[in-house]
Amino acid sequence: MKKRLLAVFLAVIFCAGGALPTASALNFAAESAFVMDGDTGEELYSYNGDVARVPASMTKVLTAYIIYQELEAGNLTLDTPVKVSHNAAVKSRDANYPTAVPLTEGATYTVDTLLHLIMIPSASASCIVMAEHISGSESAFVARMNQTVRDLGLNATYFNCHGAQPNYITARSQAMLTKIFIDTYPDILRITSKSGFSFNGTYYNNTNHLLNTMAPYEGLDGFKTGTIAEAGYCVTTTDVRNGRRVIAVVMKSTSDAQRFADSRQLLGYGFEQIRLRDASRAATGVSITVQPDSVRPYQPASFQMQLSGVSAPYSAKAQWYVNGEAVSGYGNDNFQAAANKTSTLNYTLRELTGDTLNVSFVLTMPDGTEKRTETTVPVEQRPVEYTGSLNIQSAAVYPGKTLTVTADITGENGISRVQLPAGWQLDGEDIAGYTNAKFTILNDTAHSQYQMRIPADAAPGVHTLSFYVGGADSTGSKQLVLSAEIEIVSPDSSEADANHPETPAPDSAEQAA
């Protein structure tokens with residue numbers, strides 16, 4: 001039996017104080033295991049939880065889920081009679097389709113009866129009956145199964161609707177599917193919690209023996225087993241204590257008895273983790289430990305938050321805010337809280353909207369409670385400002401020729417990197433392909449070049465060529481506009497060819513702005 005020891009892990013968690021929990025190690029045989037907080041979806045433990053394995057009859061969880069989708073849509077009721085085909089009747093007596101609960105060809109059974117047969121004795125042929133009724137054929141139903149797991153964001157692939165032959169899913173995704181099922185259609189627990197079911201004069205035990213032949217497990221109300229050679233012994237279990245639910249998935253354990261022994265340990269560990277994490281969340285403190293003395297437009301500023309009082313790691317939702325608005329890219333729905341964990345906000349103010357900047361960090365727990373810290377720093381009322389020049393003040397250009405104009409930008413802002421909108425304009429209109437929303441100024445210096453091709457049929461006249469940096473309406477930067485007068489003249493063509501050789505135009509807008 002393989003041992004998955006957590007003693008070292010738990011010792012690290014509790015080294016700050018307090019005794020180790022009584023269940024300081026797990027010892028199970030499964031090749032994959034996953035434990036989830038059934039209320040919040042938080043991962044409580046994972047061992048090979050993202051390895052796709054054969055679920056065997058745990059496949060039936062998805063089949064039953066789709067049946068409930070049909071019930072919700074009004075296409076079925078629990079009392080709807082469903083007719084047994086020749087195909088399903090034959091397979092209901094075939095030992096290759098466990099469990100072989102005999103069905104009569106041409107007979108009808110209610111949806112509720114078939115759900116009980118699917119989820120309690122794990123009758124594979126009953127899955128085929130429902131698949132044919134819902135989708136016309138098992139293959140069409142399997143296509144729906146695969147679309148459903150994609151819609152749910154699960155890592156799974158199905159080739160049949162019952163699990164008598166291999167399908168594939170990860171332990172994490174099996175737990176997620178179980179949570180989704182219980183949350184969306186809690187009526188399923190009415191079935192999975194039963195110790196057995198009578199059908200056609202025969203009593204069938206629930207294959208989840210924690211509900212019947214083994215010592216009962218406090219609060220257990222399902223969920224589903226699975227066993228074929230390729231899968232080993234699998235089971236998903238779910239349990240409720242003190243109003244809290246835990247879901248545990250065991251895949252490829254070594255025997256029928258061992259998978260339930262594995263489950264007992266994992267469920268117990270899950271509830272212990274919930275207790276520890278609840279206490280850790282309650283004791284958590286958040287504080288901003290690093291911040292600038294002031295901020296100014298386009299001057300990068302950093303703020304750092306640190307957690308305190310975290311006695312056991314847990315996940316929560318985290319978000320940085322500036323002036324009450326969530327900062328894009330600085331939120332995490334699965335923030336992993338740990339002792340002395342830090343989070344850093346790198347922020348650049350671009351507009352002067354007030355004399356102060358309010359920065360806050362909020363940690364939201366699964367129950368909706370918040371841990372918040374905030375600070376207010378003064379804003380320097382100094383928009384960035386640049387000067388510059390064009391390499392010409394005015395020029396005479398001949399039709400058919402090219403004029404190269406360079407803009408040189410300088411400043412005294414002391415900011416290493418600033419990005420501002422910039423572009424070239426002719427007579428106040430943007431020149432297509434020669435604008436840049438993020439023109440970069442490094443160490444207060446930048447350059448831009450524009451090659452102006454004069455059409456051969458251009459009419460003589462004076463035009464204004466301009467290069468601008470910064471938005472006209474920006475409060476965080478002062479707009480700089482550099483201009484030159486360009487006169488299009490019509491000289492003798494031979495003189496033009498001799499004195500003004502043509503130069504090529506740029507291939508892309510990256511050469512300008």
Side-chain angles (χ1 to χ4, degrees), residues 4 6 23 26 28 30-53 55-65 68 119 122 149 152-156 163 169-194 206-211 216-226 231 233-253 259-278 314-315 334 366-367:
R4 328 295 185 205
L6 298 182
L26 287 174
F28 58 86
E31 290 296 323
S32 288
F34 192 86
V35 185
M36 173 187 285
D37 184 323
D39 299 306
T40 68
E42 181 180 6
E43 174 188 322
L44 301 175
Y45 177 74
S46 177
Y47 175 76
N48 289 334
D50 295 307
V51 176
R53 297 193 186 279
S57 286
M58 291 197 305
T59 294
K60 295 177 172 70
V61 173
L62 181 59
T63 297
Y65 177 81
Y68 269 88
M119 297 302 289
S122 197
V149 292
L152 296 176
L154 305 179
N155 182 358
I169 191 171
T170 67
R172 181 190 302 274
S173 288
Q174 188 70 41
M176 291 171 62
L177 174 60
T178 303
K179 172 175 165 49
I180 292 167
F181 200 160
I182 294 171
D183 289 348
T184 310
Y185 308 115
D187 180 69
I188 188 61
L189 297 173
R190 171 180 62 88
I191 298 173
T192 62
S193 61
K194 293 180 178 179
N206 195 319
T207 56
N208 184 351
H209 298 315
L210 293 178
L211 291 166
Y217 197 80
E218 176 190 354
L220 193 83
D221 52 7
F223 202 72
K224 188 70 190 76
T225 59
Y233 292 84
C234 306
V235 64
T236 300
T237 51
T238 182
D239 188 89
V240 176
R241 293 184 193 174
N242 300 317
R244 303 293 294 274
R245 179 176 294 280
V246 169
I247 296 169
V249 177
V250 167
M251 300 189 77
K252 208 168 186 179
S253 193
R259 65 178 161 188
F260 295 113
D262 291 350
S263 295
R264 287 176 180 272
Q265 287 191 70
L266 293 168
L267 288 170
Y269 178 79
F271 284 113
E272 177 68 1
Q273 279 296 300
I274 286 177
R275 184 188 70 79
L276 294 172
R277 295 181 188 204
D278 283 350
Y314 61 85
S315 64
N334 192 31
D367 63 0

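Taken from CZ in Arg53 to CD in Glu31, the straight-line distance is 5.5 Å, to the nearest 0.5 Å. With rounding to the nearest 0.5 angstrom, the OH atom of Tyr45 is 3.5 Å from the CZ atom of Phe28.
Counting heavy atoms from C-beta on, the side chains of Thr170 and Leu154 never come closer than 4.5 Å. The closest side-chain heavy-atom distance from Leu44 to Ile274 is below 4.5 Å. Residues Gln174 and Pro55 form a side-chain contact, since some pair of their non-hydrogen atoms from C-beta on lies under 4.5 Å apart. Put simply, the side chain of Tyr217 reaches to within 4.5 Å of the side chain of Arg264, judged on heavy atoms. Counting heavy atoms from C-beta on, the side chains of Met36 and Met176 come closer than 4.5 Å. The shortest distance between side-chain heavy atoms of Thr236 and Val61 does not fall below 4.5 Å. You'll find the side chain of Ile247 stays beyond 4.5 Å of the side chain of Val35, heavy atoms only. Contact of the Glu42 side chain with the Arg277 side chain is registered, since non-hydrogen atoms from C-beta on lie closer than 4.5 Å.
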Problem - side chain to side chain contact (heavy atoms under 4.5 Å, CB included) between Asn208 and Phe260, intermediate numbers included - result: CA-CA 8 Å; Asn208 184 351; Phe260 295 113; 3.4 Å; yes
Exercise for the section: Start with the C-alpha gap between Val250 and Leu266, add the side-chain angles, then the distance that decides, and say whether side chain to side chain contact (heavy atoms under 4.5 Å, CB included) holds. Expected result: CA-CA 9 Å; Val250 167; Leu266 293 168; 3.6 Å; yes
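With sequence neighbours excluded, no residue forms a ring-ring contact (aromatic ring centres under 6.0 Å, His included) with Phe34. Taking the side chain to side chain contact (heavy atoms under 4.5 Å, CB included) definition, one finds that Asp367 meets it with Met365, Thr369, sequence neighbours left out. Remark: Arg259 engages Asp256 in a salt bridge (Lys or Arg N to Asp or Glu O under 4.0 Å) (not counting sequence neighbours). The side-chain hydrogen bond (donor to acceptor under 3.5 Å, both in side chains) search around Thr192 returns none, not counting sequence neighbours. Applying the salt bridge (Lys or Arg N to Asp or Glu O under 4.0 Å) test to Lys179 and every residue at least two apart in sequence or in another chain returns Asp183. Residues passing the salt bridge (Lys or Arg N to Asp or Glu O under 4.0 Å) test with Glu43 are Arg172, sequence neighbours excluded. In this structure Arg241 satisfies the salt bridge (Lys or Arg N to Asp or Glu O under 4.0 Å) test together with Asp239, sequence neighbours excluded. Partners of Thr238 by side-chain hydrogen bond (donor to acceptor under 3.5 Å, both in side chains), not counting sequence neighbours, listed by chain and number: Arg245. The side-chain hydrogen bond (donor to acceptor under 3.5 Å, both in side chains) test applied to Asp37 returns Thr40, Arg244, not counting sequence neighbours. Thr63 pairs by the side chain to side chain contact (heavy atoms under 4.5 Å, CB included) definition with Ile67, Cys127, Phe141, Met145, Cys161, not counting sequence neighbours. With sequence neighbours excluded, the residues forming a side-chain hydrogen bond (donor to acceptor under 3.5 Å, both in side chains) with Tyr314 are Thr284, listed by chain and number. Under the ring-ring contact (aromatic ring centres under 6.0 Å, His included) criterion, Phe181 pairs with Tyr65, Tyr68, Phe223, not counting sequence neighbours.
Across every non-hydrogen atom of Asn334 and Ser315, the tightest pair is OD1-CB, 3.3 Å. Here the closest non-hydrogen pair linking Ser263 and Val235 is OG-CG1, 3.1 Å. Nearest heavy-atom pair across Asp39 and Gly243 is OD2-O, 4.0 Å.
For the side-chain hydrogen bond (donor to acceptor under 3.5 Å, both in side chains) test with Thr225, the passing option among Thr207, Thr237, Asn206 is Thr207; the others fail.
Side-chain atoms of Ser57 and Ser122 form a donor-acceptor pair, as typed in the model, at a separation below 3.5 Å. Residues Ser253 and Asp262 bring a donor and an acceptor atom of their side chains to less than 3.5 Å of each other.
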